[in-house]
Amino acid sequence: NAGVTQTPKFRVLKTGQSMTLLCAQDMNHEYMYWYRQDPGMGLRLIHYSVGEGTTAKGEVPDGYNVSRLKKQNFLLGLESAAPSQTSVYFCASSYSHPAGVYNEQFFGPGTRLTVL
Amino acid sequence: RKEVEQDPGPFNVPEGATVAFNCTYSNSASQSFFWYRQDCRKEPKLLMSVYSSGNEDGRFTAQLNRASQYISLLIRDSKLSDSATYLCVVRGGGADGLTFGKGTHLIIQP
């Protein structure tokens, strides 16, 4: 059981380049999330998905797009990277309705992205 | 508006001591509360959920005070391995993820 995996682990982009971050989970979770973590800011939700084929905006969605074509995968895209998108990106998934008591989110190891 | 506030620390505590953190939240409609632990350059991991009646897991005790809108974490007999950042996490009623505090950095000293 790999849990939540993310690729790549590290990436350096130039301003204006595009890239896709891949998140995969093998726990059959319905819900998946993308967060970014910046020094002094804590984790902030970018986009999330409550099931295959669905996506929704979180707290800081601008500059990002997502897709959930398969239940186990959640892709985060940067169409035109900016230095402000330099961050650590974490994907997470959860196995139950978020409003339930036992709604632990399992996180991937993160992707460290630098935009020059 | 700061939805979840924590003292960033660092808290420097000798091994074996007891340490407590508090966290305040602004949304009175929040339904679920958690403490996550994050080691340096690693992903956050659930430490424990926080229940209305308070709960204990080994050396860790979590309390919720809905009237004053804060949660607390108490660590007894602290170990060197407890050194980490502790994230206070709150969820509202919707499906839109969790609201994280910025974390409290704990350093256990030998």
Side-chain angles (χ1 to χ4, degrees), chain A residues 2-6 9-10 23 25 27 29-51 54-61 66 68 74 87-112, chain B residues 1-10 21 23-27 29-55 57 62 64 66 71 84-105:
Chain A
V4 181
T5 58
Q6 292 183 232
K9 288 185 170 53
F10 304 92
C23 175
Q25 53 94 4
M27 296 175 282
H29 287 174
E30 287 293 329
Y31 293 85
M32 296 188 74
Y33 308 86
W34 276 107
Y35 294 91
R36 60 179 289 174
Q37 187 174 36
D38 303 293
M41 295 295 293
L43 281 96
R44 292 180 292 169
L45 182 66
I46 304 171
H47 286 281
Y48 65 99
S49 168
V50 300
T54 72
T55 62
K57 294 180 180 180
E59 180 186 355
V60 288
V66 288
R68 183 100 181 267
F74 195 28
S87 188
V88 180
Y89 291 87
F90 287 103
C91 175
S93 68
S94 67
Y95 62 92
S96 62
H97 192 286
V101 174
Y102 295 103
N103 51 1
E104 176 180 359
Q105 287 193 2
F106 296 83
F107 285 80
T111 295
R112 297 182 185 282
Chain B
R1 171 170 144 239
K2 298 178 181 177
E3 296 192 29
V4 179
E5 286 199 60
Q6 296 182 251
D7 182 342
F21 317 130
C23 158
T24 59
Y25 61 94
S26 60
N27 184 357
S30 299
Q31 296 189 359
S32 304
F33 308 89
F34 311 90
W35 284 103
Y36 275 69
R37 170 193 168 128
Q38 186 172 25
D39 294 303
C40 188
R41 302 179 73 82
K42 298 287 188 180
E43 71 271 24
K45 293 184 179 178
L46 180 67
L47 177 66
M48 58 196 303
S49 301
V50 186
Y51 304 134
S52 297
S53 56
N55 49 297
D57 183 1
L64 168 63
R66 284 191 183 271
I71 69 174
T85 297
Y86 291 84
L87 306 175
C88 173
V89 186
V90 173
R91 185 194 298 283
D96 57 347
L98 303 168
T99 300
F100 287 78
K102 296 178 183 179
T104 295
H105 188 198

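Because the structure is predicted, anything quoted here is derived from the model rather than measured. Letters A, B, ... are given to chains in the order of the sequence lines, protein chains preceding strands, and every chain is numbered from 1.
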**Asked** Taking atom NZ of B/Lys45 and atom CZ of A/Phe106, what is their separation to the nearest 0.5 Å?
**Response** 11.0 Å
**Message:** Measuring only between side-chain heavy atoms, which start at C-beta, is A/Phe90 closer than 4.5 Å to B/Gln38?
**Reply:** yes
**Prompt:** Can you tell if the side chain of B/Thr99 reaches within under 4.5 Å of the side chain of A/Leu43, non-hydrogen atoms only?
**Reply:** no
**Prompt:** What option among B/Pro44, B/Pro8, B/Gly101 has the most heavy-atom pairs under 4.5 Å with chain A?
**Reply:** B/Pro44
**Request:** Walk me through it: do A/Tyr35 and B/Glu43 pass the test side-chain contact (heavy atoms from CB on, under 4.5 Å)?
**Result:** CA-CA 11 Å; A/Tyr35 294 91; B/Glu43 71 271 24; over 6 Å; no
**B/Lys102 side chain to A/Gly40 backbone, donor-acceptor under 3.5 Å** = yes
**Item:** Donor-acceptor pair, side chain of A/Arg112 and main chain of B/Arg41, under 3.5 angstrom
**Value:** yes
**Message:** Is the shortest side-chain heavy-atom distance between A/Glu104 and B/Tyr36 below 4.5 Å?
**Reply:** yes
**Residue A/Glu59 versus chain B: region with a heavy atom under 4.5 Å** = neither
